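To keep things clear, I will list the structure first and then write my remarks on it.
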Number of protein chains: 2
Amino acid sequence: MQTLGTKALILDVALHRFAEHGYNGTSLNEIADKVGIRRPSLLHHFPSKEALYRAVLLDAFADWFALLEVAVAGDVKRGWPQVERVLRAAFRFFEDHPDFVRLARWEALEGGPMLSQELGDLLRPFFDRGTEFLEREMDAGRLRRYDARQLLLTGYGAVLSYLSDASLMTSLLDVDPLSIKMLAARREHVIDVLRNALQP
Amino acid sequence: MQTLGTKALILDVALHRFAEHGYNGTSLNEIADKVGIRRPSLLHHFPSKEALYRAVLLDAFADWFALLEVAVAGDVKRGWPQVERVLRAAFRFFEDHPDFVRLARWEALEGGPMLSQELGDLLRPFFDRGTEFLEREMDAGRLRRYDARQLLLTGYGAVLSYLSDASLMTSLLDVDPLSIKMLAARREHVIDVLRNALQP
DNA sequence: CACCATCAACCTACACCTAGGTAGGCGACA
DNA sequence: TGTCGCCTACCTAGGTGTAGGTTGATGGTG
C-alpha cells in the first residue's frame with residue numbers, strides 16, 4: 001500500500017531522519033536505504049542534500065503556518081479564552097507532528113544550514129500578530145500585563161522543550177513522556193500555569 | 001599570557017566548538033587549529049573525539065552541579081522567596097556560562113553520543129530534590145498547587161530555550177538577545193510570570 | 001660536571017572510511 | 001524515439017585515528 005510517489009516518500013523519510021538526528025547527523029545513504037533506492041536516484045529527485053533539507057523544512061513549516069492561520073482566524077474570543085484556544089490548537093498540532101517539533105528545535109539550535117534567517121522572516125509576521133493581540137488584551141485589562149514578546153518566547157520554551165527533549169524527559173520521569181497520558185498531563189499543566197499567570 | 005596548559009586550552013576551545021555546532025558539526029581539526037597544534041597532538045591528550053567530548057561535558061556539568069549544591073543548600077527560605085533565590089542563582093550561572101546552556105541543549109536534543117542516559121542519572125537526584133521541595137511547600141500552602149515535576153520541566157524550558165536558541169531570538173526580536181539589557185529583561189520576565197503562577 | 005635514559009609534547013605521513021555529488025548506461029513506457 | 005526513474009561505477013573532500021620520528025626538559029649516575 002504505497003500510495004506515496006517516490007518523491008513524497010523521500011520527503012517523508014527525510015523528515016523523520018532530520019528530526020531525529022539533525023542535518024549533520026543524517027546521511028543521504030540512510031535516507032535512500034530506507035526509501036529503498038540508491039543515493040544517486042535520490043539525488044535525481046533533489047539536486048543536493050541541502051535542497052532536500054530545505055524542502056523538508058519548508059513543507060513542515062507550511063503545515064504549521066496553515067494551522068496558525070486557522071487558529072488565530074478572527075480572534076474569535078477575547079482575553080484568556082482566546083489564548084487557551086490557540087494554545088490547545090498548537091498542542092494538538094505538536095502532538096500530531098512530533099517530527100516538526102524536533103526539526104524546529106534543531107533548526108533553532110544550529111542556526112540551520114544558513115536557513116535560519118529565512119525561517120525567522122517567515123515566522124516574524126505571526127510573532128508580531130501574537131504580540132499585537134496580547135498587547136491589546138493587556139491594555140484592555142483582560143490579561144495581566146507582561147512584555148508581550150517575552151511572554152510569547154516563554155510559551156515557546158515551555159511548550160516545545162518538553163516535546164523536543166524527550167530522551168532527557170524519559171531519564172527524569174521514568175515514563176514515556178510522549179504517551180497519550182503524559183502528553184495530556186503536560187498540556188493541562190502548561191495551560192494551568194499560564195492561566196494563573198495571565199488571568200488578572 | 002597563556003596561563004592555561006595545553007590540555008586545559010583544548011577543553012576550553014572544544015567547549016566553545018561543541019556548544020556552537022554540536023558533536024557532529026565539530027571536527028578535531030577545527031579544534032586543533034584553534035588551539036594551535038595538529039590533530040595527532042590533540043589526540044595525544046585525549047584518546048578520541050568521543051573521550052574529549054565526554055571530558056568537556058562532564059566538566060561543564062560539574063560546574064552546574066556545584067552551583068546547584070550551593071543554591072539549594074539549607075533551603076534558606078520558604079515558599080516563593082526560596083524559589084526566586086534559586087531561579088536567580090540559575091540565571092546568573094546561565095548568563096555566565098552560555099556555552100553550558102547550548103551544550104546541554106545539544107545533548108538533550110541528540111540524546112547525545114550514548115551519554116544522555118548517564119547525564120540523566122546525574123541530573124536525577126537534583127530533579128528529585130526539587131520535586132520534594134516544591135511538594136512540601138505546596139502541601140504547606142506556601143505555593144499554588146501543581147504537578148511538581150511538570151513545573152520543574154516548565155521552568156527548564158522557559159529559562160533555557162531563550163538562551164540556547166539565540167539565533168532564532170535575534171530574528172524575532174531584532175536585537176541581540178544576549179545583551180546585558182535583554183538578559184536582564186528576560187530574567188525579570190520569567191521570574192515575574194512564575195511568581196504570578198506560583199504565589200497563592 | 002658530563003653523560004645518558006626517559007618521557008612528554010609535538011610533528012609529518014599515512015591508512016582507512018564515509019560523505020556528497022557526477023557520469024553514463026539501461027530499461028520501461030508514453 | 002525521447003524521457004523518466006533508477007542503476008553501477010567513480011571522483012574528491014574531509015573525517016578519525018595510527019605509526020613512527022624529533023625535540024627538549026628532567027633527573028639519576030659515574
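Chain A is the first sequence line, chain B the second, and so forth, proteins listed ahead of strands; every chain is numbered from 1. A quick note: this is a predicted structure, and the numbers were derived from the prediction, not measured.
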Notebook entry, point to check: When the aromatic ring centroids of A:Trp106 and A:Phe18 are compared, is their separation below 6.0 Å?
Noted result: no
Next item on the list: Indicate whether OP1 or OP2 belonging to D:dC6 is found under 4.0 Å from a side-chain N or O atom of A:Thr6.
Entry: yes
Notebook entry, point to check: Where the side chain of A:Ser27 is concerned, which of D:dG17, C:dG21, C:dG20 is the nearest nucleotide?
Noted result: C:dG20
Next item on the list: Looking only at side-chain atoms of A:His45, point me to the closest of C:dC11, D:dG5, C:dA9.
Entry: D:dG5
Note to self: What is the separation between atom OH on B:Tyr53 and atom C1' on D:dT16, rounded to the nearest whole Å?
What the structure shows: 18 Å
Checklist line | Parallel, tilted or perpendicular: ring planes of A:Phe93 versus A:His97, cut at 30 and 60 degrees | finding: parallel
Check: Counting only distance, no hydrogens or angles, is the base of D:dG17 paired donor-acceptor with the side chain of B:Arg39 under 3.5 Å?
Finding: yes
Check: For A:Asn24 and C:dT18, what is the distance between atoms CG and P respectively, to the nearest whole Å?
Finding: 18 Å
Item checked: Geometric class of the B:Tyr146/A:His189 ring pair [parallel <30°, tilted 30-60°, perpendicular >60°] -> perpendicular
Margin query: Taking 4.0 Å as the cut-off, does a side-chain nitrogen or oxygen of A:Asn29 come that near to OP1 or OP2 on C:dT18?
Written below: no
Note to self: With a 4.5 Å cut-off on side-chain heavy atoms, are A:Leu15 and A:Asp59 touching?
What the structure shows: no
Notebook entry, point to check: Tell me: CG of A:Leu42 to C1' of D:dC4, nearest whole Å?
Noted result: 16 Å
Check: To the nearest angstrom, how far is A:Leu52 atom CG from C:dG21 atom C1'?
Finding: 14 Å
Notebook entry, point to check: Rounded to whole angstrom units, what separation is found between the CG atom of A:Asp33 and the P atom of D:dC7?
Noted result: 10 Å
Next item on the list: Give one of base, sugar-phosphate or nothing for B:Ser41, where a contact means two heavy atoms less than 4.0 Å apart.
Entry: base
Next item on the list: Taking the side chain as every heavy atom from C-beta outward, state whether A:Val86 and A:Phe133 have any pair of such atoms under 4.5 Å apart.
Entry: no
Note to self: Whole angstroms only, please: what is the NE2-P distance between B:His44 and D:dA19?
What the structure shows: 15 Å
Notebook entry, point to check: B:Ile37 near the nucleic acid: base, sugar-phosphate alone, or nothing, with a heavy-atom cut-off under 4.0 Å?
Noted result: sugar-phosphate
Note to self: Mind checking if A:Leu43 touches a base, just sugar-phosphate, or nothing, with heavy atoms under 4.0 Å?
What the structure shows: base
Checklist line | Closest to the B:Arg38 side chain, choosing from D:dG17, C:dC11, C:dG20 | finding: C:dC11
Margin query: Output the rounded distance in Å from CD (B:Glu30) to C1' (D:dA13).
Written below: 14 Å
Next item on the list: Return the nearest nucleotide to the side chain of A:Pro40; candidates are D:dG17, C:dT22, D:dC6.
Entry: C:dT22
Checklist line | d(NZ, A:Lys49; P, D:dA13) in whole Å | finding: 19 Å
Item checked: DNA chain C: 5'-proximal contact among A:Pro47 and B:Ile10 (nearest heavy atom) -> B:Ile10
